[in-house]
Amino acid sequence: MTLSGRDTYRDELTKIAENDDRILCLEADLGGKNHQFESQFPNRFFNMGIAEMTSIDMAAGLAEAGFIPFFSTFATFASLRSAESIKLAMGYMEKNINIIAPYGGVSGGWFGTTHHSLEDIGVVRTFPNIKIACPYGEEDTRRVIREAVSSPHPYYVRLSRNESFVSLDRDEDQATMPLVNQKGNGKLCLLSIGEQGTELCKKIQEVYPEISHVHLCYIDQVSLRNSIAQLEEHGNTFLVVEEHRLAGGTASLLAVLMPDNRVHSFDCGEEWPVYGGSHQETLAYLAFDYETLEEKVKNLLSEGAEVNW
């Protein structure tokens with residue numbers, strides 16, 4: 001049975017912690033009564049409650065002492081409430097802190113606007129030295145957690161809520177590369193970010209095999225800059241599909257990094273969902289769905305994938 005991203009994180013971190021007593025798990029009261037890590041390592045688990053900035057500051061001290069702290073809470077709270085602490089501890093001082101941020105995008109649909117996170121990537125990406133990952137599926141998530149444990153750099157890992165997906169194929173010798181599952185060689189290339197964006201792109205390419213699709217796992221500025229040469233092998237017009245707002249999104253940064261190519265965005269727009277609904281219902285309200293994406297792809301193809309929107 002394939003696990004969701006947040007369940008995969010807990011399972012993988014617990015497994016790694018069996019052989020590495022430096023690993024500590026901090027959570028903002030999200031684990032419930034049967035948290036896997038807490039059950040196995042109660043002395044290395046800390047329920048921080050609703051104290052996001054304090055959690056990052058505490059993690060900074062633990063990292064300075066030689067531990068490898070992982071802190072998890074809703075993406076919107078992790079990125080916005082603790083932004084200054086992230087900037088200083090992770091960006092400026094480069095402390096080995098790993099933030100695992102489930103409920104990315106609008107995956108917490110029923111929780112409402114206050115719990116939706118369509119700005120987090122833009123916020124965290126403004127701080128240098130932080131690796132940002134948006135894995136797709138269980139195996140991709142496990143790989144990212146393993147990489148975060150072994151890396152001296154701070155990580156921000158954005159996950160969804162309960163949905164589960166089978167990861168795309170990835171060559172082991174390219175495990176830390178931003179590009180995953182490079183498929184197709186059309187002039188128009190879809191660049192998918194995260195789980196919902198990748199799901200949409202997979203479905204679109206089944207209908208339109210003449211376009212390319214690349215899933216980007218790592219989307220911090222350094223990773224994107226290092227991927228430009230590879231990306232340009234897959235097209236000259238790019239459509240970034242990302243459960244995020246345009247401002248601060250991956251498309252806006254790639255447009256600057258790839259001035260000789262055309263970069264377009266399929267994103268969640270500027271609306272605020274103000275009613276309760278499932279993840280898919282909330283995405284539909286934001287017009288982040290297959291039908292709208294297909295219309296955009298068809299328009300690009302009809303124009304020869306050579307003009308801007």
Side-chain angles (χ1 to χ4, degrees), residues 3-10 25-35 46-56 59 70-87 97-127 130 132-136 141 155-165 193-200 219 241-250 267-289:
L3 298 178
S4 67
R6 61 176 184 162
D7 287 335
T8 297
Y9 153 63
R10 293 172 182 169
C25 182
L26 289 68
E27 289 227 5
D29 204 18
L30 300 181
K33 295 181 179 180
N34 299 307
H35 192 288
F46 302 89
N47 187 332
M48 301 300 296
I50 304 174
E52 292 83 3
M53 288 187 69
T54 299
S55 299
I56 298 299
F70 281 73
F71 171 61
S72 180
T73 187
F74 284 70
T76 187
F77 305 145
S79 59
L80 297 178
R81 288 186 176 177
S82 56
E84 184 178 12
S85 291
I86 292 174
K87 171 186 173 181
I97 301 169
N98 302 284
I99 296 177
I100 309 301
Y103 292 81
V106 292
S107 57
W110 288 106
F111 292 90
T113 302
T114 57
H115 286 53
H116 295 162
S117 185
L118 295 172
E119 308 82 17
D120 59 317
I121 293 172
V123 170
V124 177
R125 192 155 46 202
T126 61
F127 307 139
I130 301 174
I132 301 175
C134 294
Y136 171 80
T141 302
Y155 268 64
Y156 180 86
V157 183
R158 192 204 215 208
L159 304 174
S160 189
R161 188 187 177 210
N162 288 333
E163 293 138 310
S164 59
F165 303 96
I193 312 295
E195 295 177 335
Q196 294 301 323
T198 303
E199 278 291 288
L200 289 176
I219 56 172
V241 181
E242 182 175 34
E243 191 178 350
H244 194 274
R245 298 206 186 280
L246 173 63
T250 302
D267 51 68
C268 289
E270 301 305 317
E271 294 296 321
W272 293 100
V274 292
Y275 68 97
S278 68
H279 190 183
Q280 293 303 321
E281 289 170 336
T282 309
L283 287 174
Y285 177 84
L286 296 169
F288 191 85
D289 53 27

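Predicted, not measured: the structure shown is a model, and the values here were computed from it.
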**Fill in**
Sorted by chain and number, sequence neighbours left out, side-chain hydrogen bond (donor to acceptor under 3.5 Å, both in side chains) with Glu243 holds for His279
**Complete:** On a heavy-atom basis, the closest approach of Ser160 and Glu195 is CB-OE1, 2.8 Å
**Asked** Just how far is it from atom CD1 of Ile132 to atom OG1 of Thr250, taken to the nearest 0.5 Å?
**Response** 8.0 Å
**Message:** I need the minimum non-hydrogen distance between Ala78 and Ile86, along with the two atoms involved.
**Reply:** O-CD1, 3.1 Å
**Prompt:** What's the spacing between Phe71 CZ and Phe46 CZ if we round to 0.5 Å?
**Reply:** 13.0 Å
**Request:** State, yes or no, whether a side-chain contact exists between Glu242 and Ile219 at a heavy-atom distance under 4.5 Å.
**Result:** yes
**Message:** I need the Ile56 CD1 to Ser82 OG distance, nearest 0.5 Å.
**Reply:** 4.5 Å
**Request:** With sequence neighbours left out, write down each residue that passes side-chain hydrogen bond (donor to acceptor under 3.5 Å, both in side chains) with Arg6, or none if nothing qualifies.
**Result:** Tyr103, Asn162
**Item:** Non-hydrogen atoms of Ser117 and Thr76 that approach each other most closely
**Value:** OG-N, 3.4 Å
**Item:** Beyond-backbone contact of Ile100 with Arg10, side-chain heavy atoms, under 4.5 angstrom
**Value:** no
**Asked** Shortest non-hydrogen contact from Gly194 to Tyr136?
**Response** O-CD1, 4.1 Å
Enumerate donor-acceptor pairs with a distance under 3.5 Å from any side-chain N or O in residues 106-115 to protein atoms, sequence neighbours excluded.
| unit_1 | atom_1 | unit_2 | atom_2 | d |
| --- | --- | --- | --- | --- |
| Ser107 | OG | Gly104 | N | 3.4 |
| Ser107 | OG | Gly104 | O | 2.9 |
| Thr113 | OG1 | Pro273 | O | 2.2 |

**Fill in**
So OG1 of Thr141 and CG of Leu3: to nearest 0.5 Å the spacing works out to 9.5 Å
**Prompt:** Would you call Leu118 and Leu286 a side-chain contact if the rule is heavy atoms closer than 4.5 Å?
**Reply:** yes
**Prompt:** Considering only heavy atoms from C-beta outward, does the side chain of Ile193 approach that of His244 to under 4.5 Å?
**Reply:** no
**Asked** Quick check: are there more than 12 heavy atoms from other residues, nucleotides or ligands sitting under 6.0 Å from CD of Glu281?
**Response** yes
**Message:** I'd like to know if the side chain of Arg125 and the backbone of Gly248 have a donor-acceptor N/O pair within less than 3.5 Å.
**Reply:** yes
**Request:** Specify the closest pair of heavy atoms between Ser79 and Val123, including all atoms of both residues, with the distance to one decimal.
**Result:** O-CG1, 3.6 Å
**Request:** Heavy atoms only: give me the nearest Tyr9-Leu159 pair and the separation to one decimal.
**Result:** CB-CD1, 4.2 Å
**Asked** How many angstroms lie between CZ in Phe288 and CD in Glu271, if you round to the nearest 0.5 Å?
**Response** 15.5 Å
**Fill in**
When rounded to the nearest 0.5 Å, the distance separating OG of Ser164 from CG of Asp7 is 9.5 Å
